[in-house]
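See below for the structure under consideration.
Because only heavy atoms are used, hydrogens play no part in the values below, and waters and symmetry mates are left out as well, while side chains stay in. Reminder, nothing fancy here: chain letters follow the sequence lines and each chain counts from 1.
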Amino acid sequence: MRFSQLLLPTLKETPAEAEVVSHQLMLRAGFIRKLTSGIYTYLPLGLASIRKVERIVREEMNRAGAQELLMPMVQPADLWQESGRWEKYGPELLRFEDRHGRMSCLGPTHEEVITDLVRKTVHSYRQLPVNLYQIQTKFRDEIRPRFGLMRGREFIMKDGYSFDADEKGAEITYKKMYDAYHRIFERCGLKFRSVEADTGAIGGSFSHEFMVLAETGEDTLVMCKECAYAANMEKASCMKPEVSHDKPELLPLEKVETPGKRKVKAVTEFLDIKPQELVKTMVYMADDTKPVAVLVRGDREVQPVKLKNLIGAIEVELADDKQVFDSAGVPSGYLGPVGIKIPVVADREVTEMCNFAIGANEKNYHFVNANFGRDFEVDQVADLRMVTEGDRCPECGGSLLLTKGIEVGHIFKLGTSYSEALQATFLDNNGVEKTFVMGCFGIGVSRTVAAAIEQGHDKDGIIFPAPIAPFHVALLNLSTKDEKVTAAVEDLYEKLQKKGVEVLMDDRDERPGVKFKDADLIGVPYRVVVGKSYAKEGLVEIRSRIDGETVSATSDEAVAMVLEKVRAALEV
RNA sequence: CGGGACGUGGCUCAGUCUGGUAGAGCACAGCGUUCGGGACGCUGGGGUCGGAGGUUCGAAUCCUCUCGUCCCGACCA
């Protein structure tokens, strides 16, 4: 491609609206332009990168036995009503009415459509398993779109859905997808981890998120320093607390006045104890109606997702002061499990503690020397707390580390929830009607490009992994008026392209500095410069964007060298 | 939806407090000089000051409403 003919509007200054690097650089490098909040146009260069990711995704999905199809973006309401999600999905689902007054929505995901398709076309176990995917623009009316392509309302996604005859088959498919995802992100040249994710009601270890490691990531992941354990913060657990064999003598429960002391810090300072010697009682509202008290050690945080799964709620939220008082009859800050009027669950760590402080369920009073089992019982005990850095790995006991990541992929064993709702069935080899066991597998394609930039950039711009860079080589003509130089550039351009190298030839009548800056900005992995030294000594310069390593060569040598470098860089 | 900030040429911003009829740099067009890390000079084009209403002799500036954008929280590829 000739730069002079490319729509590549690079910017010297960072637009004020962009907060994170990937957004800033994509704007500056002429990859995207915003149409309106969360909705972007992909310019030629941005699209080029997206297409690279798509291609890798296609190749790996096909290799894993999946088939590509393309489903409609507009979906009829009745399908969603059938699955029950028309009511459940919430305002993120953009709904509208057509001229006949029929309700429709813009597809945020395609479980309904695919299940409908399969129920109509697949009727026998002989046709299974089926694994279908598409790469398509999705629309989700996000509450708060942000960070450019990281969280848009409209975005490009690969969504795949599998249908198996039974659980066992579904698990095999899941594993295949897991492996395919690993290959995909590896081939994209990204540093990533797959982590166990929350599976909600289904349970088991059948949901993994694929996280690109980057400081600016919105997700926190927990990794073990010693072994391969990695999990999403919501899911991460740690080793059970050590049970000390020489338990101290249990002291008698004692009620003490703690006037005006409500927060952990205030109470522990007042009682002159450590936060680890107190159990706090947090009230959560399950599905807005059912209060539940959660006991955790004073210095811990409750992980709401774990709580949600434990009690089987759809939604849990920390109760406000009014809700606490209304449900427990005690002002917040003085709640405790002894004689409390609402259900109580405890983090398992609490059961190992001795002689701790708790609220007395009476304004301005706490108990000290409380003991689990002796002074109170709870309805359920489970792992309910947020993991912290340095906790012991649940698998090997090693030290846990917290890092930030960007979720670019998520695979999930769905089970039969959709196939049951939509009555999607087939006949097994005994002629018995069965519901399909489903899986779903997503990749944020446009987000993957953004994540790559978050991971690869410096002060001069983007540093793309070669497999997803919009071009392999930037060929700079520094002396467009010099016929000899220009002829050499054109020659290199031809030869490299013939070898399959994607070349962006900067043939603009611009000063060298401008061309250098632009080449760096857009993140092309290799740069070939033809200028003064060519005119004088017949040498061109080859430079790597990644490490800045520069070599000189004749133009004939250059073709072979560039070819070799590009090939090497593309092999991951 | 709750909390915060901001809307002035394509971009970055000044001017708003203290009303007097719109500026700078970059970008764009022309000419000249320059030419290996975002050059310089001269000339030129381009702005309903987000929108509506109000106050005033006079509003980018003050008041009211409204729309939009961005950031922080719950959601997610």
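- Rounded to whole Å, the P atom of B/rG47 lies 13 Å from the corresponding atom of B/rG23.
- In the interface, the side chain of A/Arg447 is paired with the base of B/rC76 through a donor and an acceptor atom under 3.5 Å apart.
- Nucleotide B/rA77 forms a pair with no other nucleotide shown, judged by Watson-Crick or G-U wobble geometry with both contacts under 3.5 Å.
- The nearest whole Å value for the distance from the CD atom in A/Glu13 to the P atom in B/rG9 is 14 Å.
- Judged by distance alone, the side chain of A/Gln24 and the main-chain N or O of A/Ala18 form a donor-acceptor pair under 3.5 Å.
- B/rC70 atom C1' lies 8 Å from atom CD of A/Glu19, rounded to whole Å.
- Pair assignment for B/rG32: B/rC40, on the basis of Watson-Crick or G-U wobble contacts that are both within less than 3.5 Å.
- Looking at heavy-atom distances under 4.0 Å, A/Arg543 makes contact with a base.
- Within 4.0 Å (heavy atoms only), A/Tyr534 reaches no atom of the nucleic acid at all.
- Note on A/Asp520: a base of the nucleic acid sits closer than 4.0 angstrom, heavy atoms only.
- To the nearest whole angstrom, the two P atoms, one in B/rG46 and one in B/rC65, are 37 Å apart.
- Judged by distance alone with a 3.5 Å cut-off, no donor-acceptor contact links the side chain of A/Asp460 to the base of B/rG37.
- Salt bridge annotation for A/Glu490-A/Arg2: present, with a cationic side-chain nitrogen under 4.0 angstrom from a carboxylate oxygen.
- The distance from atom CZ of A/Arg545 to atom P of B/rG37 is 17 Å, rounded to the nearest whole Å.
- Backbone-only contact: A/Gly409 has heavy atoms under 4.0 Å from sugar-phosphate atoms and none from a base.
- A/Gly461 comes within 4.0 angstrom of nothing in the nucleic acid, heavy atoms only.
- Nucleotides B/rC13 and B/rA60 place their C1' atoms 15 Å apart, quoted to the nearest Å.
- Judged by atom type and distance alone, A/Arg151 reaches the base of B/rC75 through a side-chain donor-acceptor pair under 3.5 Å.
- In this structure, the CD1 atom of A/Ile443 is 19 Å from the P atom of B/rC76, given to the nearest Å.
- Straight-line distance from the CD atom of A/Glu234 to the P atom of B/rC76: 8 Å, rounded to whole Å.
- Residue-level contact check: A/Ala16 touches the backbone only, with heavy atoms under 4.0 Å from sugar-phosphate atoms and none from bases.
- Of all nucleotides present, none satisfies the Watson-Crick or G-U wobble test against B/rA14 with each distance under 3.5 Å.
- Although no hydrogens or angles enter the test, the distance criterion places a donor-acceptor pair under 3.5 Å between the side chain of A/Thr554 and the main chain of A/Glu557.
- With B/rC11, B/rC13, B/rG38 as the candidates, the nucleotide lying closest to the side chain of A/Asp518 is B/rG38.
- In this structure, A/Val514 reaches the bases: a heavy-atom distance under 4.0 Å links it to at least one base atom across the strands shown.
- In this structure, A/Lys481 atom NZ and B/rC35 atom C1' are separated by 8 Å, rounded to whole Å.
- Pairing of B/rG9, defined by two Watson-Crick or G-U wobble distances under 3.5 Å, is not identified with any nucleotide.
- The C1' atoms of B/rG50 and B/rU61 are separated by 16 Å, rounded to the nearest whole Å.
- A stacking contact links A/Phe155 to B/rA77: the aromatic ring centre lies within less than 5.5 Å of the base's six-membered ring centre, and the planes differ by less than 30°.
- If you check distances only, the side chain of A/Glu510 never reaches the base of B/rG38 with a donor-acceptor pair under 3.5 Å.
- Geometric assessment of A/Arg95 against the ring of A/Trp86 yields a positive cation-pi assignment under the 6.0 Å and 45° thresholds.
- As judged by a 4.0 angstrom heavy-atom cut-off over every strand, A/Val445 is placed among residues making no nucleic acid contact.
- Side-chain atoms of A/Lys517 lie closest to B/rG38 of the nucleotides B/rC72, B/rU69, B/rG38.
- For B/rC35, the base has no donor-acceptor partner in the side chain of A/Asp482 [N/O atoms by modelled type, under 3.5 angstrom].
- When the nucleotides B/rC76, B/rC35, B/rG38 are ranked by their closest atom to the side chain of A/Asp219, B/rC76 comes out on top.
- Rounded to a whole angstrom, the distance from the C1' atom of B/rU64 to that of B/rC76 is 39 Å.
- Atom CD in A/Glu17 sits roughly 17 Å away from atom P in B/rG50 (whole-Å rounding).
- Here A/Arg140 does not reach the OP1 or OP2 of B/rC75: none of its side-chain N or O atoms lies under 4.0 Å away.
- The residue A/Ser479 sits apart from the nucleic acid: no heavy atom pair falls under 4.0 Å.
- Checked against B/rA77, B/rC70, B/rG36, the side chain of A/Pro512 finds its nearest nucleotide in B/rG36.
- Here, B/rC75 and B/rU66 have their C1' atoms 29 Å apart, quoted to the whole Å.
- For the pair A/Leu478 CG and B/rA39 P, the interatomic distance rounds to 13 Å; values are reported in whole Å.
- Within 3.5 Å, a donor on the side chain of A/Ser533 pairs with an acceptor on the base of B/rG36, or the reverse.
- Closest to the side chain of A/Phe516, out of B/rA39, B/rC26, B/rG37, is B/rG37.
- B/rU21 makes up no base pair with any nucleotide shown, lacking Watson-Crick or G-U wobble contacts both under 3.5 Å.
- Out of B/rG38, B/rC71, B/rA77, the shortest distance to the side chain of A/Glu142 is found at B/rA77.
- Remark: A/Lys484 NZ is packed, more than 12 non-hydrogen atoms of other residues, nucleotides or ligands lying under 6.0 Å away.
- Annotation: B/rC49 and B/rA14 have their C1' atoms spaced 13 Å apart (nearest Å).
- At a threshold of 4.0 Å, the pair A/Glu171-A/Lys175 does not count as salt-bridged, since none of the basic side-chain nitrogens sits closer than that to a carboxylate oxygen.
- Nucleic acid contact for A/Arg33: none, since no nucleic acid atom lies under 4.0 Å from a heavy atom of the residue.
- Distance from the side chain of A/Lys34 is smallest for B/rU69 among the nucleotides B/rC76, B/rU69, B/rC35.
- With a 3.5 Å ceiling on both atom-pair distances, the Watson-Crick or G-U wobble partner of B/rU64 is B/rA52.
- Salt bridge annotation for A/Glu68-A/Arg58: present, with a cationic side-chain nitrogen under 4.0 angstrom from a carboxylate oxygen.
- The listed nucleotides are B/rU69, B/rC71, B/rA27; the one nearest the side chain of A/Ser37 is B/rU69.
- Evaluation of atom-type donor-acceptor distances gives no pair under 3.5 Å for the side chain of A/Arg146 against the base of B/rG73.
- Of the two residues near RNA chain B, A/Gly442 and A/Leu11, the one whose nearest nucleotide lies more 5' is A/Leu11.
- Between A/Arg545 and A/Asp460 there is no salt bridge, since no side-chain N of the basic residue sits under 4.0 Å from a carboxylate O of the acidic one.
- The residue A/Pro145 sits close only to the backbone: its heavy atoms come under 4.0 Å of sugar-phosphate atoms, none of a base.
- Position along RNA chain B of the nearest nucleotide to A/Ile156 versus A/Arg511 favours A/Arg511 as the more 5'-ward residue.
- Salt bridge status for A/Glu60 with A/Arg183: present, with a side-chain N to carboxylate O gap under 4.0 Å.
- Spacing between B/rG51 and B/rC35 at atom C1', rounded to whole Å, works out to 48 Å.
- In this structure, the separation between OG on A/Ser49 and CD1 on A/Ile453 is 6.5 Å, given to the nearest 0.5 Å.
- Counting any heavy atom pair closer than 4.0 Å across all strands shown, A/Glu541 reaches a base atom.
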